[in-house]
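A quick write-up on the structure given underneath.
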There are 2 protein chains.
Amino acid sequence: MTSRYGTRPTMKDVAAAAGVALKTVSRVVNDEPGVTAGTAERVRAAITELGFRRNDSARLLRTGSTSSIALLLEDIGDPFSSALSRAVEDIAAERGCLLFTGSSGEDARRERDLALAFCARRVDGLVVVPAGDDHRYLLPETEAGTPVVFLDRPAGGIDADTILSDNAGGARDGVAHLIRHGHTRIGFIGDLPRIHTSAERLRGYRRAMADAGLPVDERWIATGPTDPAHVTAALTRLTSAPQPVTALFTANNRITLAALHRLAHHRDRPALVGFDDLELAELLRPGLTVVAQDPAALGATAARTLFDRLGGDASPARRIEIPTRLIARGSGELPPPAR
Amino acid sequence: MTSRYGTRPTMKDVAAAAGVALKTVSRVVNDEPGVTAGTAERVRAAITELGFRRNDSARLLRTGSTSSIALLLEDIGDPFSSALSRAVEDIAAERGCLLFTGSSGEDARRERDLALAFCARRVDGLVVVPAGDDHRYLLPETEAGTPVVFLDRPAGGIDADTILSDNAGGARDGVAHLIRHGHTRIGFIGDLPRIHTSAERLRGYRRAMADAGLPVDERWIATGPTDPAHVTAALTRLTSAPQPVTALFTANNRITLAALHRLAHHRDRPALVGFDDLELAELLRPGLTVVAQDPAALGATAARTLFDRLGGDASPARRIEIPTRLIARGSGELPPPAR
DNA sequence: CTGAAAGCGCTTACAG
DNA sequence: CTGAAAGCGCTTACAG
C-alpha cells in the first residue's frame with residue numbers, strides 16, 4: 001500500500017513495478033491474448049500491490065464511446081419520472097451503459113443547459129422529456145452523431161424519435177366509460193392548453209362526446225394552472241352551475257389529487273375518472289377509477305429506440321404511442337343522480 | 001457546416017480554420033484573458049462555422065476532477081429513492097456537478113459492481129444506499145481520495161460518513177402516540193430483523209412500551225418478509241388471538257400498504273400508525289397516521305457532507321440522524337374498543 | 001510474446 | 001498577446 005492519499009496508480013506505475021512495458025499491463029487488464037502466464041502473474045501482483053484500477057474515463061476518451069447515456073426528466077423526484085428512470089436504467093445496464101439523470105424542473109433554459117452539458121461530456125445518447133418547445137439547439141449534436149429520443153412530449157423544430165402515451169385515446173376511453181355509466185354532462189379539468197399532453201387529452205374528451213352524439217357546453221371545460229386553488233375553483237364552478245355536470249374527467253394526477261381533496265366533503269359526489277394512476281387509489285372509498293399510463297413501457301421503448309440508433313439504425317424518425325389502460329375501481333362507475 | 005456525420009470538430013480543427021494555435025482557441029473557449037478582440041472574433045467565427053463544442057470528458061481527464069458524482073440507490077423507481085435523488089441532484093447542480101444514478105435492486109453484488117464502475121469513471125464522490133453489509137471493497141477508493149457517504153443504512157467494515165433517519169426515535173414516537181390514545185396491546189409488524197432499519201424500529205417500539213411501563217407479549221411482534229401474503233398472515237394472527245392487539249405499528253410502507261388492504265374490509269379496525277408516508281394518506285377514511293421520514297433532508301445532508309469532504313474536510317467520519325415527523329390523520333387516534 | 005511510438009482532445013507550464 | 005511542447009491515462013497501430 002504505497003498509494004498516497006489522492007494519488008492513484010496508473011498503468012505506467014504498474015508497468016514500472018512489474019518491470020514490463022505499459023502495453024503489457026494494458027493487455028493483462030483487458031484480458032488480451034499474447035502474454036505469458038508468468039508475465040501476467042507479475043503484472044497482476046503489481047496491480048494488487050498498488051491497488052490499481054483502470055481509469056475508464058481515460059480509456060473511453062481513446063475509444064471514442066463513453067458507455068453512458070443521459071436521461072433528462074421533468075423532476076426525478078416525481079413518481080412518473082422515477083418509473084421512467086428505472087426502465088431506462090435497466091435497458092442501459094443490459095448494454096453495460098451507465099446513466100446520467102437530470103431534472104429540468106419544467107424550465108426550458110435548464111433543459112437546454114443540462115442537455116448540452118451531457119453532450120459536452122459526449123454521452124453516447126440522450127433521452128429527453130421536453131420542458132421547452134424548441135429543440136433546434138440539439139441539431140448540431142444529432143448531426144454530429146449523438147442520437148436523441150424524446151419521451152412523453154413531442155420535440156420542437158427537430159425531426160427525431162418520439163415516444164408518447166396515447167393521450168387522446170386514453171382520455172377518450174375514460175370519458176366513454178363515464179358515458180357508458182349514464183353521464184351526459186361531463187366536465188373536463190385540464191392543464192394549460194399549450195401543453196401537448198393537455199391538448200391531446202382534451203381532444204380525446206371531445207372525440208368521446210362526439211362519438212356518443214353528446215353536445216359539449218364549453219363551460220364544462222376548464223383548462224389552466226393545476227395548483228389546488230385553481231382546480232378547486234374550477235370544480236366548484238362546474239358542479240354548482242344551474243345545470244351542473246354529473247361527472248368529471250381530471251386530466252392529470254395533480255388535478256385529480258386536488259379534486260379528490262375538494263370532493264372528500266362533498267355530498268352527491270360526481271363520478272370521477274382521472275388520467276394517471278395514484279398509489280392508494282384502490283383504497284379510497286369509492287376506489288379511484290383512472291386511465292393509467294405505462295411509464296415502464298414508455299421508458300423501455302425510449303431506451304431501446306436509442307440503442308437501436310446507436311446500433312446503426314438510420315431509418316426515418318419514429319413516433320410510437322404507448323397504450324393506456326382504464327382501471328375501474330368505483331369512482332368512475334357512480335351513476336348520475338336520478339332526475 | 002462541414003461536419004461529417006459522427007465526426008466532431010476539435011480545437012485543432014478550429015485552430016486550423018482560424019489560423020491560430022490550439023492554445024489560443026482554448027483561451028477563447030475558456031474566456032481566459034490575453035487574446036486580442038480581433039483574434040477572439042476570428043476564433044469565435046470558426047467555432048460557430050464548424051459547430052465546435054468542447055469535449056468536457058477530455059478536459060476533465062487533464063484537469064483531474066470529473067465534476068460528477070454518483071448516487072447508488074435501492075431502486076430509482078420507488079418514491080423514497082427518487083426523493084433522495086432529487087435532493088442530491090439539487091445540491092450537485094449548485095456545484096456544477098452532474099449526477100450518475102444507479103439501482104442495486106437490494107443486490108449486494110450489483111451494488112459492488114455499480115459502485116466500482118462509478119469509481120472507475122473517477123466520479124468525484126459517491127453516495128451509497130447500502131444493499132450489502134460489507135463495504136470493505138470501497139477502502140482502496142476512499143484511500144485513493146474518493147469520498148463515499150452512506151445513506152439510509154449504515155455501511156459495514158468501513159469508517160465513513162453515514163446519514164440515517166432516526167428510525168428508533170420515530171418508531172418510539174409512533175408507538176407512544178398509540179399508547180397516549182389508550183392502547184396497551186400493540187402489535188409490531190416489521191421487516192427481517194437483520195435489516196438495520198428494521199431492527200432500529202423494533203427497538204423504538206420496545207422503548208416506547210417500556211417507557212410506559214407496558215409489558216410486551218412476544219407474540220405481538222411479527223418480523224419477516226414484507227410481501228402482502230406474509231403481512232396479511234401476521235395481521236390475522238395478531239388481531240384474531242384470544243387477547244387480540246387493539247393497535248398496530250407497521251414498520252415500513254410496503255407493510256402499511258398490505259395492512260391497509262387487509263383492514264379495508266375489517267370491522268372494529270385496530271388503530272394503525274405506519275412508518276413512511278404515502279401519497280393519498282390523508283384522503284383515506286380514516287386518514288392514515290404515519291411517522292414520516294424526510295427524504296429531502298436525508299439526500300441534501302448526504303450530498304452536503306460529500307461536498308464538504310471534497311472541499312477538504314478531513315475530520316472524523318460523521319453519523320447524522322435526521323428527525324422523523326409524526327402526522328396524525330385519524331387511523332392512529334382510533335380508541336381501543338370499550339371492554 | 002513484448003514493446004516503443006503516436007494519438008484520443010484537451011490543459012498546464014513555459015518561452016517568446 | 002501568442003504559441004510550441006509536454007502530459008492527463010489510456011488504446012491503437014505497428015515493429016521486432
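Numbered from 1 within each chain, the chains take letters A, B, ... in sequence-line order. What you see below is based on every heavy atom in this structure, not just the backbone, and it leaves out hydrogens, waters and symmetry mates.
Among the protein residues, B:Asn30 comes within range of the sugar-phosphate backbone only, with heavy atoms under 4.0 Å from sugar or phosphate atoms but none that close to a base. Within the 4.0 angstrom heavy-atom criterion, base atoms lie near A:Ala58. As judged by a 4.0 angstrom heavy-atom cut-off over every strand, A:Ser57 is placed among residues making no nucleic acid contact.
When the side-chain nitrogen and oxygen atoms of B:Thr39 are compared with OP1 and OP2 of D:dC1, none of them lie within a distance under 4.0 Å.
For B:Thr24, the side-chain atoms get nearest to D:dT2 when compared with the rest of C:dG3, D:dT2, C:dG9. Side-chain atoms of A:Arg59 lie closest to D:dC10 of the nucleotides C:dC10, D:dT12, D:dC10. Proximity note for A:Thr63 (side chain, C-beta onward) versus C:dG9, D:dT11, D:dG3: the nearest is D:dT11. Here the side chain of A:Val35 is nearest to one of D:dC10, C:dT2, D:dA4, namely C:dT2.
We find that CG of B:Leu60 is positioned 11 Å from P of C:dT12, with the value rounded to whole Å. The separation between B:Asn55 atom CG and C:dG7 atom C1' is 14 Å, rounded to whole Å. Distance CG (B:Leu22) to C1' (C:dA15): 17 Å, rounded to an integer number of Å. Rounded to a whole Å, the NZ atom of A:Lys12 is 16 Å from the P atom of D:dT11. In this structure, A:Glu41 places its CD atom 16 Å from P of C:dC1, rounding to the nearest Å. Between A:Leu61 atom CG and D:dC10 atom C1' the separation is 8 Å, expressed in whole Å. Atom-to-atom, CD of A:Glu32 to P of D:dT12 comes out at 7 Å; the value is rounded to the nearest Å. The CE atom of A:Met11 sits 17 Å away from the C1' atom of D:dG7 (whole-angstrom rounding).
Both B:Pro33 and A:Ser26 lie close to DNA chain D; mapped to their nearest nucleotides by heavy-atom distance, the more 5′-ward contact belongs to B:Pro33.
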- Query: Please walk me through it: do A:Asn30 and A:Arg54 pass side chain to side chain donor-acceptor pair (under 3.5 Å)?
  - Reply: CA-CA 10 Å; A:Asn30 295 306; A:Arg54 182 181 63 194; 2.3 Å; yes
- Query: salt bridge (charged side-chain N to carboxylate O under 4.0 Å, His left out) between B:Arg8 and A:Glu143: does it pass, once the steps are laid out?
  - Reply: CA-CA 9 Å; B:Arg8 288 172 177 274; A:Glu143 251 173 65; over 6 Å; no
- Message: If you apply the rule salt bridge (charged side-chain N to carboxylate O under 4.0 Å, His left out), what do you find for A:Arg304 with A:Glu94, and how did you get there?
- Response: CA-CA 11 Å; A:Arg304 281 201 205 94; A:Glu94 285 173 13; 6.0 Å; no
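Counting heavy atoms from C-beta on, the side chains of A:Asp308 and A:Arg318 come closer than 4.5 Å.
The two residues B:Pro147 and B:Arg309 come nearest to each other via the heavy atoms CB-CB, 3.8 Å.
Between B:Phe100 and B:Phe118, the ring planes are tilted. Angles from 30° to 60° get that label.
If you check distances only, the side chain of A:Arg62 does reach the base of C:dG7 with a donor-acceptor pair under 3.5 Å. Side-chain atoms of A:Arg27 come within donor-acceptor range of the base of C:dG3, with a qualifying N/O pair under 3.5 Å.
Side-chain contact of B:Arg109 with B:Ser104: a donor-acceptor pair under 3.5 Å is absent, judged by distance alone. No side-chain donor from either of A:Asn167 and A:Ser165 sits under 3.5 Å from a side-chain acceptor of the other.
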- Note on the structure: Annotated structure of DNA chain D as dot-bracket, pair cut-off 3.5 Å, Watson-Crick or G-U only, | for inter-strand, is |||.||||||||.|||
